[in-house]
Amino acid sequence: MTTPAPHDGPLSDLEFDQFRDLLRRYCAHELDQWEHLQTETPYGPVYVSFSRALPPDTPSEAYRPF
């Protein structure tokens with residue numbers, strides 16, 4: 001029997017790979033035009049935006065591929 005990993009602290013390499021794979025699937029199959037999300041962290045709120053369009057006056061090179 002394996003012990004589940006703790007849900008606090010940084011992601012392991014395996015967890016990060018899974019996160020990226022799931023995010024790609026979400027963007028390919030669930031994301032329509034845009035999505036805005038917010039979550040609380042120990043350092044304050046984090047705001048996340050997904051969009052199928054670049055923000056105005058923003059070059060695509062400003063984004064890191066994953």
Student: With S12, which residues qualify under side-chain hydrogen bond (donor to acceptor under 3.5 Å, both in side chains), at least two apart?
Tutor: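 E15.
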Student: My understanding is that a hydrophobic cluster links ILVMFWY residues whose side chain heavy atoms are under 4.5 Å apart, including indirect links. Using that, what else belongs to the cluster containing F19?
Tutor: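 Grouped by the 4.5 Å side-chain rule, L11, F16, L23, Y26, L31, L37, V46, V48, F50, F66 form the rest of the cluster around F19.
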Student: Applying side-chain hydrogen bond (donor to acceptor under 3.5 Å, both in side chains), name anything that partners Q38, two or more places apart in sequence or on another chain.
Tutor: E40
Student: Is the CG atom of D21 crowded by more than 12 outside heavy atoms at less than 6.0 Å?
Tutor: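 Check passes, neighbour count above 12.
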Student: Could you pull out all residues at least two apart from S60 that satisfy side-chain contact (heavy atoms from CB on, under 4.5 Å)?
Tutor: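 With sequence neighbours excluded, S60 shows a side-chain contact (heavy atoms from CB on, under 4.5 Å) to L54, given in chain and number order.
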Student: With sequence neighbours left out, what residues match P55 under side-chain contact (heavy atoms from CB on, under 4.5 Å)?
Tutor: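 Listed in chain order: T58, Y63.
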Student: Please name all residues satisfying salt bridge (charged side-chain N to carboxylate O under 4.0 Å, His left out) with D57, sequence neighbours left out, ordered by chain then number.
Tutor: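 In terms of salt bridge (charged side-chain N to carboxylate O under 4.0 Å, His left out), with neighbours along the sequence ignored, D57 is linked to no residue.
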Student: List the residues meeting ring-ring contact (aromatic ring centres under 6.0 Å, His included) with H36, not counting sequence neighbours, and say none if there are none.
Tutor: W34
Student: Please list, chain by chain and in numerical order, all residues satisfying side-chain contact (heavy atoms from CB on, under 4.5 Å) with L22, sequence neighbours excluded.
Tutor: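 Result, side-chain contact (heavy atoms from CB on, under 4.5 Å) vs L22: Q18, R25.
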Student: With sequence neighbours excluded, what pairs up with Y43 under the side-chain contact (heavy atoms from CB on, under 4.5 Å) test?
Tutor: T41
